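These figures come from a predicted structure and were not determined experimentally.
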Amino acid sequence: MSTDLTSGNAAVSSPKAIPRRRKPVRLPRVVLHVFLTVTALLWLAPIAWSFYTSFRSFDETAENGYVSLPTSLTLDNYKAVWNGGDIPHLLFNTMLITIPAVIITLFLAACVAFVVSRRSFRFNILLLIVFMAANLLPQQVLLTPLFRLYLRIPLPDFISDSGLFYNSYIGIIAINIAFQLGFCVFVLSNYMKTIPDSLSEAARVDGASLANQFFKINLPLCRPALAALATLEFTWIYNDFLWAAVLLPSGDKRPITSAIANLKGQFFTDPNLLAAGGAIIALPTIIVFALLQRHFVRGLTLGATKG
């Protein structure tokens, strides 16, 4: 009797493993993946084709057409762009504009976002709306009044050759900060609202000042959001052409986006040369995105549904 019970218990305690059924793949998910793949290919195809064209000579493409297999690939277009397009000097000008503009924009946006999100007062929402209002109007609408304003604002002669905001790096940096500040304040304020209030309360109990709470608690915790915004702001300011063309008439102060215009002749344009120039100009933004891509999505999505 005991043997039967023991064997029965043994049989019960070691049942056969039941194979799990695989979840069926839903049709909407398959359609979504196909759609995203096709969309990504459509976006990448012109970039890949331009990159491919930059390695071909103009004589070969003129003879065989651009939709053809190459007989040879060359770096002559890149050498011509680097030497004839004055790329090192224009890249230096661009960094003089982009790096200070990005740093100042992120710092000022973090200060405003800290006040709006972590301090409770009557006009904090109104203050956020004021900073967001800069993004509501297109830049072309403000082109004429800003141009006239820049002709009247004086600067010391040692800062600007003309003694004005017009035709100076200070003016371009200031206008980029003004237009990019609203978006950065919006993103950082939403991100800071996700930081627990208990951290600030504990810091206040320990006697931390408002500046210490900002620099030692909130600002380090906003590193993912700052990295994501730095990627976006570097790309936007680096690629700006409108304000540089309007407010920087001097050719020796122009940013690198004007290099493409310098590669076009009056009676002849080499598309292969332009493709090589576009690849060189886009390289710094690709490097910045590759370095900060780990924080990019996380920084923009955290806090997006808060506040």
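Residues Phe241 and Pro255 fail the side-chain proximity criterion, which asks for heavy atoms closer than 4.5 Å. When side chains are defined from C-beta on, Thr235 does not count as touching Phe289, because their heavy atoms never get closer than 4.5 Å. Side-chain contact between Ile97 and Asn93: absent, with no pair of heavy atoms (C-beta onward) separated by less than 4.5 Å. Using a 4.5 Å heavy-atom threshold, the side chains of Trp49 and Val67 count as touching. By the 4.5 Å heavy-atom criterion applied to side chains, Val112 and Leu108 are not counted as neighbours. When side chains are defined from C-beta on, Cys222 counts as touching Ile195, because their heavy atoms get closer than 4.5 Å.
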Dump the intermediate steps for side-chain contact (heavy atoms from CB on, under 4.5 Å) on Tyr238 and Ile281, then the final yes or no. CA-CA 9 Å; Tyr238 179 91; Ile281 292 173; 4.0 Å; yes
- side-chain contact (heavy atoms from CB on, under 4.5 Å) between Leu221 and Leu199, intermediate numbers included: CA-CA 11 Å; Leu221 293 176; Leu199 295 177; 3.7 Å; yes
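Pairing each heavy atom of Val81 with each of Ala276, the nearest pair is CG2-CB, 4.1 Å. The minimum heavy-atom distance linking Leu181 with Ala109 is given by the pair CD1-N, 3.6 Å. Here the closest non-hydrogen pair linking Asp240 and Thr257 is O-OG1, 3.1 Å. Residues Leu91 and Pro284 come closest through the heavy atom pair CD1-CG, 4.2 Å. Shortest non-hydrogen contact noted between Leu188 and Ala225 is CD2-CB, 3.9 Å. Contact detail for Leu226 and Leu106: the closest heavy-atom pair is O-CD1, 3.9 Å.
More than 12 non-hydrogen atoms from other residues, nucleotides or ligands lie less than 6.0 angstrom from CZ of Arg204. Residue Phe114 qualifies as enclosed at atom CZ: its count of foreign heavy atoms under 6.0 Å is above 12. By the 6.0 Å contact criterion, OH on Tyr52 is enclosed, its count of non-hydrogen atoms from other residues, nucleotides or ligands being greater than 12.
Side chain to side chain, Asn167 and Tyr150 fail the donor-acceptor criterion of an N or O pair below 3.5 Å. A side-chain donor-acceptor contact under 3.5 Å links Gln139 and Trp243.
The side chain to side chain contact (heavy atoms under 4.5 Å, CB included) with Leu146 is formed by just one residue from the set Leu149, Thr144, Leu143; it is Leu149.
With hydrogens and angles disregarded, a donor-acceptor distance shorter than 3.5 Å links the side chain of Thr94 to the backbone of Leu90. Counting only distance, with no hydrogens or angles, the side chain of Ser50 and the backbone of Ile47 share no donor-acceptor pair below 3.5 Å. At least one donor-acceptor pair under 3.5 Å links the side chain of Glu60 to the backbone N or O of Thr71. Remark: the backbone N or O of Tyr66 is paired with a side-chain donor or acceptor of Arg56 at under 3.5 angstrom. Of the possible polar contacts, none joining the Thr105 side chain to the Val102 backbone as a donor-acceptor pair under 3.5 Å is found. A donor-acceptor pair is defined here as one N or O able to donate and one able to accept, closer than 3.5 Å; no such pair exists between the side chain of Thr98 and the backbone of Met95. When atom types are taken as modelled, the side chain of Thr194 and the backbone of Asn190 share no donor-acceptor pair closer than 3.5 angstrom.
Note on Ile237 and Ile286: separate hydrophobic clusters, where clusters join Ile, Leu, Val, Met, Phe, Trp and Tyr whose side-chain heavy atoms are under 4.5 Å apart, directly or indirectly. Residues Leu151 and Ile153 are members of one and the same hydrophobic cluster, defined by side-chain heavy-atom contacts under 4.5 angstrom among Ile, Leu, Val, Met, Phe, Trp and Tyr.
Aromatic pair Phe179/Phe183: ring centres not closer than 6.0 Å.
Scored by the salt bridge (Lys or Arg N to Asp or Glu O under 4.0 Å) test, Asp197 finds Arg118 as partners (sequence neighbours excluded).
The aromatic rings of Phe55 and Tyr78 are tilted relative to each other, their planes meeting at an angle between 30° and 60°.
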